[in-house]
Protein chains: 2
Amino acid sequence: MPGQRSITQAEKLAEAKLGGIPVRHEQMAVVANIYRAASAVRQHLENSVLRGADLTWTAFVVLWVVWVWGESETRHVAEEAGISKGTLTGVSRTLEKRGLIKRAGHPTDGRLVLLSLTEEGEELMRRVFPAFNEEEAFVTARLDDEDCRTVADGLRRVVLQVEEHGEERRLTLLDGAPPAPRRSGRRAQG
Amino acid sequence: MPGQRSITQAEKLAEAKLGGIPVRHEQMAVVANIYRAASAVRQHLENSVLRGADLTWTAFVVLWVVWVWGESETRHVAEEAGISKGTLTGVSRTLEKRGLIKRAGHPTDGRLVLLSLTEEGEELMRRVFPAFNEEEAFVTARLDDEDCRTVADGLRRVVLQVEEHGEERRLTLLDGAPPAPRRSGRRAQG
DNA sequence: TCCGTACAATTTGGGTGCGAACGACATCTG
DNA sequence: CAGATGTCGTTCGCACCCAAATTGTACGGA
């Protein structure tokens with residue numbers, strides 16, 4: 001199996017490259033495998049259930065959030081779906097065009113936009129989610145329920161660590177230095 | 001902490017939505033948290049060490065692969081980096097423009113292209129990787145070495161399950177039906 | 001009423017991200 | 001050595017994706 005072997009091998013090669021500087025192997029393996037697993041799972045779900053419903057991963061996540069939470073403000077949906085508000089604007093417009101989502105202004109605060117599923121959207125989710133959950137079970141088939149709880153808990157700790165101390169950590173690292181603007185993306189005006 | 005609570009709550013809401021159809025909670029939690037963790041880790045690393053070096057996540061992964069494995073054929077790099085060949089073409093061209101990567105034809109097989117780091121690229125990685133690994137340790141700070149091994153092993157099983165049985169599973173699910181082309185992407189010619 | 005601050009979604013710009021289509025090349029087959 | 005077949009990297013079209021800039025709304029005080 002190339003997956004595991006290549007990771008181990010890559011770690012050794014990396015250490016050789018660094019010539020004596022110690023590498024935190026276990027931590028590196030966690031991060032590397034989080035990303036590998038995320039890609040593999042996403043790929044599988046897109047190819048098995050989502051493509052048949054003509055949904056991308058992101059579109060499904062957005063639908064799922066709105067479905068489960070009911071009518072919600074866009075900023076909360078973006079937060080929960082793990083995408084930026086700017087991205088959500090585009091995605092929700094696409095879903096609106098397909099008749100799966102409704103967009104409505106907030107009754108009292110004109111700045112807010114509320115998202116909710118149309119009846120067609122509800123129907124789609126009632127049909128697609130069980131299949132989606134079935135594939136979630138497939139990809140985790142080599143873990144029993146106890147293993148799943150352990151892994152999920154470990155991942156939750158990673159998320160919490162970043163959520164609670166990430167900002168502070170970044171400030172410490174940069175140590176007052178300017179936040180280094182992204183090279184890509186919109187440029188500052190003159 | 002909103003993270004964990006909202007997931008649990010979302011699961012209950014989802015079950016209520018489904019009205020009696022059982023949901024595989026543990027498996028759902030694993031998939032949801034894999035994706036959350038992947039986003040959180042990527043975000044943190046981009047904002048802490050990569051932006052300072054003017055690298056995106058993907059660009060760094062590509063550089064890392066080439067750095068560790070040495071001069072490599074593009075298809076292997078794409079495979080190892082977890083991106084498609086088409087994406088790699090764009091990323092490697094960007095890196096070439098910045099003088100971090102060299103592209104060379106294969107001596108005997110004219111179809112192949114070999115990627116390798118320039119001296120500037122090597123220098124960058126010697127500087128950036130230790131900082132990167134330091135942040136990998138930061139995001140996993142709430143896990144001890146043993147926990148890390150457990151989580152990494154669990155994730156490896158997910159990856160292996162998909163790699164070894166994903167294709168077969170998809171065929172079973174679609175059961176001979178046409179593979180349902182992606183809605184986005186290049187259209188077939190007349 | 002006018003102003004300024006605050007905060008909301010949206011637009012914009014650069015860079016991925018995928019899979020289908022494509023053209024160049026290698027290799028098999030006769 | 002010509003054609004068929006397969007494999008490579010590249011091109012293409014569309015959808016994301018983020019963060020900065022922008023636009024629009026709310027609401028406080030002067």
Side-chain angles (χ1 to χ4, degrees), chain A residues 38-39 42-43 45-47 50-51 54-62 72-79 81-98 103-115 178-190, chain B residues 38-39 42-44 46-47 50-51 54-62 72-79 81-98 103-115 178-190:
Chain A
S39 304
R42 177 172 172 159
Q43 202 88 355
L45 282 162
E46 283 185 339
N47 289 337
L50 296 184
R51 272 173 74 170
D54 190 18
L55 291 173
T56 63
W57 174 271
T58 307
F60 175 80
V61 172
V62 168
S72 311
E73 302 171 14
T74 54
R75 62 200 157 133
H76 295 146
V77 175
E79 164 90 23
I83 60 178
S84 71
K85 293 182 298 168
T87 299
L88 181 58
T89 297
V91 174
S92 63
R93 234 199 314 258
T94 301
L95 291 172
E96 190 185 24
K97 263 184 255 170
R98 286 190 49 197
R103 298 161 59 82
H106 192 279
T108 66
D109 192 332
R111 296 170 303 176
L112 302 181
V113 171
L114 298 173
L115 299 183
R182 230 187 183 212
R183 186 72 80 185
S184 67
R186 197 167 178 175
R187 297 285 178 284
Q189 292 290 70
Chain B
S39 304
R42 177 172 173 160
Q43 200 88 353
H44 177 75
E46 282 185 339
N47 288 337
L50 297 183
R51 271 174 74 168
D54 191 19
L55 292 173
T56 62
W57 174 272
T58 307
F60 175 79
V61 171
V62 168
S72 311
E73 301 169 15
T74 54
R75 64 198 153 131
H76 296 323
V77 175
E79 164 90 23
I83 59 177
S84 71
K85 294 183 298 167
T87 300
L88 180 58
T89 298
V91 173
S92 63
R93 229 194 322 253
T94 300
L95 291 172
E96 189 184 26
K97 264 185 256 171
R98 287 190 47 196
R103 298 161 59 80
H106 191 279
T108 66
D109 191 333
R111 297 170 302 175
L112 303 182
V113 171
L114 299 172
L115 299 183
R182 229 185 184 221
R183 187 70 80 182
S184 66
R186 194 176 182 172
R187 298 286 177 283
Q189 294 288 66

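Lettering follows sequence order; numbering is per chain, from 1.
Per the geometry, CG belonging to Leu55(A) stands 13 Å off C1' belonging to dA15(D), to the nearest Å. Distance Arg42(A) CZ to dC18(C) C1': 9 Å, rounded to the nearest Å. Between the CG atom of Leu50(B) and the P atom of dG15(C) there is a distance of 16 Å, rounded to whole Å. Summarising the geometry, the separation between CD on Glu96(B) and C1' on dT10(D) is reported as 14 Å, rounded to the nearest angstrom. If you take CG of Leu88(A) and P of dT10(C), they are 8 Å apart, rounded to a whole angstrom. Rounding to whole angstrom units, CZ of residue Arg98(A) and P of dA15(D) are separated by 11 Å. With rounding to whole Å, Arg103(B) atom CZ is found 16 Å from dC8(D) atom P. For the pair Lys85(B) NZ and dC12(D) P, the computed distance is 16 Å after rounding to whole Å.
Phosphate contact (OP1/OP2 of dC18(C), side-chain N/O of Thr87(B), threshold under 4.0 Å): present. Of the side-chain N and O atoms in Asn47(A), none sit less than 4.0 angstrom from OP1 or OP2 of dC18(C). Here Ser84(A) does not reach the OP1 or OP2 of dC17(D): none of its side-chain N or O atoms lies under 4.0 Å away. Remark: Arg93(A) is not in phosphate contact with dC16(D), judged by side-chain N or O atoms under 4.0 Å from OP1 or OP2. For dG9(D), neither phosphate oxygen OP1 nor OP2 lies less than 4.0 angstrom from any side-chain nitrogen or oxygen of Thr89(B). For dA20(C), the OP1/OP2 oxygens have a side-chain nitrogen or oxygen of Arg51(A) closer than 4.0 Å. Contact between the side-chain N/O atoms of Thr56(A) and the OP1/OP2 oxygens of dC16(D) is found at a separation under 4.0 Å. Under 4.0 angstrom from either OP1 or OP2 of dC17(D) there lies no side-chain N or O belonging to Gln43(B). Taking 4.0 angstrom as the limit, Thr58(A) places none of its side-chain polar atoms (N or O) nearer than this to OP1 or OP2 of dA15(D).
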Inset, instruction - Could you encode protein contacts along nucleotides 21-29 of chain D as a string, one character per nucleotide from 5' to 3', using B for base contact, S for sugar-phosphate-only contact and - for no contact, with a heavy-atom cut-off of under 4.0 Å? - result: BS-BBS---

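Pairs engaging residues 88-98 of chain B under the side-chain hydrogen bond (donor to acceptor under 3.5 Å, both in side chains) rule: Ser92(B)-Arg103(B) [sequence neighbours left out].
Mapping Thr74(B) and Thr94(A) onto DNA chain D via the closest heavy atom, the residue that lands nearer the 5' end is Thr74(B). Both Gly86(B) and Gly90(B) lie close to DNA chain C; mapped to their nearest nucleotides by heavy-atom distance, the more 5′-ward contact belongs to Gly90(B).
No engagement by Gly105(A) is indicated, since no non-hydrogen atom pair under 4.0 Å with the nucleic acid exists.
Looking at the side chain of Ile83(B), the nearest of the listed nucleotides dA8(C), dC18(C), dT10(C) is dC18(C).
Considering NZ of Lys85(B) and CD of Glu79(B), their distance stands at 11.5 Å, rounded to 0.5 Å.
Looking at heavy atoms from C-beta onward, Arg42(A) lies out of side-chain contact with Leu50(A) at the 4.5 angstrom threshold. Residues Arg75(A) and Leu112(A) meet the side-chain proximity criterion, which asks for heavy atoms closer than 4.5 Å. Between Val61(B) and Ile83(B), the closest side-chain pair of non-hydrogen atoms is not below 4.5 Å. Glu73(B) is not listed as a side-chain neighbour of Val113(B), based on a closest heavy-atom distance of 4.5 Å or more.
Other residues, nucleotides and ligands place more than 12 heavy atoms under 6.0 Å from the CD atom of Glu46(B).
Scanning both residues, Ala38(A) and Ala38(B), for their nearest heavy atoms gives CB-CB, 3.8 Å.
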